[in-house]
2 protein chains.
Amino acid sequence: MGTALGLMRKKGYLNTSMRDIASSVNMEAASLYNHIKGKEEILIDTCFGLAETLEMGIKEVNDIYFNAAEKLAMAIHNHIQALTQDLNASHLFVHEWRHLSDDKRAQFIQRRDLYEKEFRDIVILGFEEGEFKNVDPKFATLTILASLNWVGEWYRPQGDMEPKEIAQKLTQFILSGLQKN
Amino acid sequence: MGTALGLMRKKGYLNTSMRDIASSVNMEAASLYNHIKGKEEILIDTCFGLAETLEMGIKEVNDIYFNAAEKLAMAIHNHIQALTQDLNASHLFVHEWRHLSDDKRAQFIQRRDLYEKEFRDIVILGFEEGEFKNVDPKFATLTILASLNWVGEWYRPQGDMEPKEIAQKLTQFILSGLQKN
DNA sequence: ACAAAACTAACTAACACTTGTTAGTTTTCC
DNA sequence: GGAAAACTAACAAGTGTTAGTTAGTTTTGT
C-alpha cells in the first residue's frame with residue numbers, strides 16, 4: 001500500500017479518496033476493503049509504525065551511551081534515519097496525525113510526548129554533566145525536534161546530502177550553533 | 001472572519017466546511033457568499049497576508065542593520081512577532097498553503113522561496129564577515145526557519161513565555177547552540 | 001422632505017458531485 | 001471446490017456553490 005502513502009503525501013490525507021487510492025493500483029474502491037478495514041487504518045498503521053521505530057531508536061541510545069553529547073548525536077542520527085527512510089510515512093507522521101479519530105489521536109499524542117521527554121532528559125543530563133548550557137529544556141527540545149522533523153520537507157533521496165551527513169550537520173549545528181568561537 | 005480561521009486551525013482547512021463556518025457565526029452557508037467569493041478566499045487572504053507581513057519584516061531588517069548577527073536577531077524577532085500575533089493565521093500559513101489551487105500555490109511558494117533567500121543572505125553575510133562558521137547556507141537556513149515556524153505549534157498567548165523572549169532564546173540557541181564554551 | 005431606486009445581507013431550496021463504506025455477486029487462483 | 005480478491009451497485013451523508021427571494025437600510029432625484 002505504499003502508493004497510497006505517496007498520494008496522501010502529495011495531496012493530503014483528507015484530500016485523498018479511497019477511489020484515488022484504488023485507481024492508483026488499478027482497482028475499484030470497494031476492492032480495497034478486502035485488504036484493509038478502512039481509510040483510517042492506513043493513517044493509524046503509518047503513524048504508530050513510525051512511532052515505534054522512533055521509540056526503538058531512542059531506547060537504543062539510552063542502552064549504549066552514557067554522556068549527553070553522544071546520546072544526542074545518536075538520537076538525532078536515529079531520528080533522521082527513520083524519517084528519511086520513508087518520506088511518505090514521515091509526512092503522515094509529522095502532519096496528518098491530526099486527522100486520527102479522537103481516541104487514536106490521544107494515544108498518538110501520548111507516545112509523542114513520551115518520546116519528547118526522552119530527548120528532554122538528554123538535554124537535562126547534559127546540563128547536569130556540566131557540558132550543556134542552562135537552557136530551558138522544554139524550549140530546547142521543541143526547537144531541536146522542529147529542526148529534525150522539518151528535514152522531511154526538503155530531503156530528497158537522490159539529492160546531494162545523505163541522511164548520515166544531515167544528522168551529523170544537525171548535531172553540529174544544535175551543539176555549537178552558527179557563530180564562531 | 002476570525003472564527004473561520006479558528007475552526008480551520010482546529011479541524012484543518014479541508015475538514016472545515018462552509019456550513020461549519022456559517023454555523024459558528026449563526027448563519028446559513030449560502031449567506032457567507034455575500035461576504036467572500038468562496039472558501040479558498042479565506043486561505044488565500046490569510047496566507048498572502050501573513051506573507052506580506054513577513055516580507056515587510058525582513059525588508060526592515062535590511063534597512064536598519066549592517067552586520068549579520070544583528071540582522072539575524074531582528075529577523076528572528078520579526079518572524080516570531082508575526083507568527084505569534086495570530087496563531088490561527090499562522091497555522092494556515094505554515095501548514096495549509098498546500099491546499100491552495102495550483103496557480104496560487106505556485107505564487108505562494110515563489111514568495112516563500114524569496115523570503116527564505118533573504119534569510120540565507122544573512123547567513124552568507126555572516127560568513128563573509130568572518131563571524132559565522134562556514135556552514136552550508138541552505139541547510140542552515142532551512143533548519144533555522146524550521147525552528148521558527150514550529151513555535152506556532154507550542155506557543156500559548158497566556159503561557160509563561162512572551163514572543164520577545166522566545167525570539168531572544170531562539171537567537172541565542174541558533175547563534176551559539178547547546179554546548180558550553 | 002419624500003418617494004423611488006439601489007444596495008446589503010440574510011434566507012430557503014436546490015444542484016451536481018464526492019465521500020467512505022456495505023452488500024451481493026462474479027472472477028481468479030491454487 | 002473453496003478461499004481470496006476482484007467486481008457492480010447502491011446508500012446515506014456531506015461538499016462548495018448558485019439561484020431566487022425577502023427584509024431592512026442607504027442613496028438618489030426631484
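Naming convention: chains lettered A, B, ... in sequence-line order (proteins, then strands); numbering from 1 in each chain.
- Panel note: side chain B:Glu96, backbone B:Tyr13; a donor-acceptor pair is recorded below 3.5 Å.
- Of the candidates A:Lys133, A:Lys180, A:Gln179, B:Ser176 forms a side chain to side chain donor-acceptor pair (under 3.5 Å) with just one, namely A:Lys133.
- Put simply, the side chain of A:His77 does not reach to within 4.5 Å of the side chain of A:Val61, judged on heavy atoms.
- The ring-ring contact (aromatic ring centres under 6.0 Å, His included) contacts involving residues 20-44 of chain A comprise nothing, where partners must be two or more places apart or lie in separate chains.
- Looking at B:Leu7 and B:Asn15, their side chains never come closer than 4.5 Å, going by heavy atoms from C-beta outward.
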task: Give the B/S/- string for nucleotides 6-22 of chain C, one per nucleotide from 5' to 3', where a protein heavy atom under 4.0 Å of the base yields B, of only the sugar-phosphate yields S, and otherwise -.
output: ---BBBBBB----BBBB
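- Atom CD1 of B:Ile21 is separated from atom P of D:dG14 by 16 Å (rounded to the nearest Å).
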